[in-house]
Peer 1: 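One structure, as structure tokens, below. Some questions next.
Letters A, B, ... are given to chains in the order of the sequence lines, protein chains preceding strands, and every chain is numbered from 1.
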There are 2 protein chains.
Amino acid sequence: MQLDEIDKKLLMLLQTDSKRTIKAYANDLELSNTAVYERIRRLENKGVIAKYVTLLNKGLIDKAFVVFCHVKLVQHIKEYVRQFEREVLQLEEVVECYHISGDYDYLLKICVKDMEAYREFLVGKLTALKNIGSTQSSFAIQEVKYSTAIQL
Amino acid sequence: MQLDEIDKKLLMLLQTDSKRTIKAYANDLELSNTAVYERIRRLENKGVIAKYVTLLNKGLIDKAFVVFCHVKLVQHIKEYVRQFEREVLQLEEVVECYHISGDYDYLLKICVKDMEAYREFLVGKLTALKNIGSTQSSFAIQEVKYSTAIQL
DNA sequence: CTATATTTAGAAAATAATTCTATTCTTAAA
DNA sequence: TTTAAGAATAGAATTATTTTCTAAATATAG
């Protein structure tokens, strides 16, 4: 995938704010509307642009309680691993999940209302899954940085 | 913040895809354009909608190497803590940073090109900061789930 | 109930996205 | 270099969408 400097600047602008007009991006890049329009279309078609989304203020929708939960499985048979991953996708409280190196197998990021909601999630949903060995929860005391933008 | 069922459905649609037309959302919600338009405007003004962004495909921009780095500080004097947090905000490789409970003080999510780029970040930038005690890196073997949407 | 404020619908106006045509700029081969 | 082919760009025309406006319907408080 070849991205020239204009593509990179454009993608930085789009990552920061996707609701400006094409004319506004064109002004910043000192290009015509059409040039910017065609570049965006190309980046969408190539798959570089994955999607356009709306980000909400977690504090205002009662989901400001963020927990990182390390999970260890009992068995690492391919079939069980696949099953765990399928089930995690269905858990609405889990916003991110990574298979990671180290002592634990998975790292989950969970957003809920409060500790009580987390307890319900942990006891009622996560540890209720088959093949869960141990879990270790770290609570977010403060969100220092959260960005969906990747530097180009 | 009071959100009725229509607001919640609308926010779920907007979180999933922010580039549809108002008419499209209005059809899904069985409302008029104006009703949806005014609801979106209200949610923006109240701050429930934080921003609209473009998400990129990390694999196609050479940033698919994701690392979670736990960081312990040496001293926890308020001034040093503030300084660390200010500096983390400036590190372009760091996409998320949380002050967390547990053995370590912070959890950082880092996106770079490959292990070599991570080594440069860790040695050249992160551990070069003042007041860093120890760090522990976990490498993402697989991204099982990544979502910016929060269930309402 | 009644008055007031809020939400909604439909139409009109303003703005923006998309397409079209022609031109300019690159690139690679002669 | 020069030239031909392809890609990228500009500007205008068209189409689509957002935004505003007016009036009606619905909900809310006294």
Side-chain angles (χ1 to χ4, degrees), chain A residues 1-63 113 147-152, chain B residues 1-63 113 147-152:
Chain A
M1 192 61 228
Q2 299 287 52
L3 299 177
D4 67 16
E5 286 308 309
I6 296 173
D7 286 330
K8 289 180 184 176
K9 280 184 194 160
L10 174 55
L11 288 171
M12 288 309 296
L13 294 173
L14 290 169
Q15 285 188 102
T16 303
D17 182 356
S18 63
K19 269 288 163 71
R20 299 172 69 205
T21 63
I22 287 176
K23 185 189 282 188
Y25 300 122
N27 278 336
D28 285 3
L29 299 170
E30 294 178 302
L31 276 176
S32 69
N33 283 17
T34 308
V36 171
Y37 178 81
E38 290 298 338
R39 277 174 184 269
I40 292 174
R41 202 223 301 254
R42 183 168 50 77
L43 292 164
E44 287 171 350
N45 290 340
K46 296 268 187 188
V48 174
I49 291 176
K51 62 193 306 202
Y52 299 97
V53 302
T54 303
L55 302 184
L56 307 187
N57 183 329
K58 285 197 282 290
L60 297 182
I61 55 172
D62 260 346
K63 302 282 181 177
K113 177 166 186 277
S147 171
T148 55
I150 294 167
Q151 189 70 30
L152 293 174
Chain B
M1 190 60 227
Q2 299 287 51
L3 299 176
D4 66 16
E5 286 308 308
I6 296 173
D7 286 329
K8 290 180 183 176
K9 280 185 194 162
L10 173 56
L11 288 170
M12 288 308 298
L13 294 173
L14 290 169
Q15 286 188 101
T16 303
D17 182 354
S18 63
K19 269 288 163 70
R20 300 172 68 204
T21 63
I22 288 174
K23 185 190 284 191
Y25 300 122
N27 277 336
D28 285 4
L29 300 170
E30 295 177 302
L31 275 177
S32 70
N33 283 17
T34 307
V36 172
Y37 178 81
E38 291 299 337
R39 277 171 183 269
I40 292 174
R41 197 211 318 242
R42 182 169 51 77
L43 292 164
E44 286 171 350
N45 291 339
K46 296 267 187 188
V48 175
I49 290 176
K51 62 193 304 204
Y52 300 97
V53 303
T54 303
L55 302 183
L56 307 186
N57 183 329
K58 286 198 280 291
L60 296 181
I61 55 172
D62 261 345
K63 303 282 180 179
K113 178 168 187 278
S147 171
T148 55
I150 294 167
Q151 189 70 31
L152 294 174

Peer 1: So if I take residues 26-51 of chain A and measure heavy-atom distances to DNA chain C, which residues fall below 4.0 Å?
Peer 2: Thr34(A), Tyr37(A), Arg41(A)
Peer 1: Rounded to the Å, how far apart are Ile22(A) CD1 and dA10(D) C1'?
Peer 2: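 From Ile22(A) CD1 to dA10(D) C1': 15 Å.
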Peer 1: Counting only heavy atoms not in Lys9(B), do more than 12 fall under 6.0 Å of its NZ?
Peer 2: no
Peer 1: Lys23(A) has an atom NZ; how far is it from atom C1' of dG11(D), in whole Å?
Peer 2: 12 Å
Peer 1: Not counting sequence neighbours, which residues clear side-chain hydrogen bond (donor to acceptor under 3.5 Å, both in side chains) with Asp4(B)? List them please.
Peer 2: Arg39(B)
Peer 1: Mind checking the CD1-OH spacing from Ile40(A) to Tyr25(A)? Nearest 0.5 Å is all I need.
Peer 2: 6.5 Å
Peer 1: Taking salt bridge (Lys or Arg N to Asp or Glu O under 4.0 Å) as the definition, give me every residue that meets it alongside Lys58(A), ordered by chain and number, with sequence neighbours left out.
Peer 2: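 Partners of Lys58(A) by the salt bridge (Lys or Arg N to Asp or Glu O under 4.0 Å) criterion, ordered by chain and then number, come out as Glu143(A).
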Peer 1: Taking only nitrogen or oxygen atoms into account, show me every contact under 3.5 Å that the protein makes with nucleotides 24-29 of chain D, one pair per line with its distance.
Peer 2:
none

Peer 1: Within the structure provided, determine whether Ile49(B) and Leu14(B) are in side-chain contact (heavy-atom separation under 4.5 Å).
Peer 2: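 A side-chain contact under 4.5 Å exists here.
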Peer 1: Enter the distance from Ser18(A):OG to Tyr52(B):OH here, rounded to the nearest 0.5 Å.
Peer 2: 8.5 Å
Peer 1: Partners of Gln151(A) by side-chain hydrogen bond (donor to acceptor under 3.5 Å, both in side chains), sequence neighbours excluded?
Peer 2: none
Peer 1: Using the side chain to side chain contact (heavy atoms under 4.5 Å, CB included) criterion, which residues pair with Tyr37(A)? Sequence neighbours excluded.
Peer 2: Ile22(A), Arg41(A)
Peer 1: Atom CG in Leu43(B), atom CD in Glu38(B): separation rounded to 0.5 Å?
Peer 2: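 Going from CG on Leu43(B) over to CD on Glu38(B), the span is 11.0 Å.
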Peer 1: Under the salt bridge (Lys or Arg N to Asp or Glu O under 4.0 Å) test, which residues partner Lys8(A), sequence neighbours left out?
Peer 2: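 In terms of salt bridge (Lys or Arg N to Asp or Glu O under 4.0 Å), with neighbours along the sequence ignored, Lys8(A) is linked to Glu5(A).
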Peer 1: Which pairs, with at least one residue in residues 42-57 of chain A and sequence neighbours excluded, count as a salt bridge (Lys or Arg N to Asp or Glu O under 4.0 Å)?
Peer 2: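 Matches after skipping sequence neighbours: Asp7(A)-Arg42(A).
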Peer 1: Please list residues of residues 3-19 of chain B whose heavy atoms come under 4.0 Å from any atom in DNA chain C, ordered by number; otherwise none.
Peer 2: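 Of all residues in residues 3-19 of chain B, none places a heavy atom under 4.0 Å from DNA chain C.
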Peer 1: Test Leu13(B) against Leu29(B) for side-chain contact (heavy atoms from CB on, under 4.5 Å), laying out the working first.
Peer 2: CA-CA 10 Å; Leu13(B) 294 173; Leu29(B) 300 170; 4.1 Å; yes
Peer 1: Indicate yes or no: at least one non-hydrogen side-chain atom of Leu56(A) is less than 4.5 angstrom from one of Ile150(B).
Peer 2: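 Counting from C-beta outward, Leu56(A) and Ile150(B) never come under 4.5 Å.
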Peer 1: Once side chain to side chain contact (heavy atoms under 4.5 Å, CB included) is applied, do any residues pair with Thr21(B), and if so which ones, sequence neighbours excluded?
Peer 2: Lys23(B), Ala24(B)
Peer 1: Show the numbers, then the answer: is there a side-chain contact (heavy atoms from CB on, under 4.5 Å) between Val48(B) and Leu11(B)?
Peer 2: CA-CA 9 Å; Val48(B) 175; Leu11(B) 288 170; 3.9 Å; yes
Peer 1: Hey, what bend do you get for the helix from dC1(C)-dG30(D) to dA30(C)-dT1(D) if you fit axes on five pairs at each end, rounded to 10°?
Peer 2: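 One end axis against the other gives 50°.
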Peer 1: Set out, line by line, the N/O atom pairs under 3.5 Å between protein and nucleotides 4-6 of chain C.
Peer 2:
none

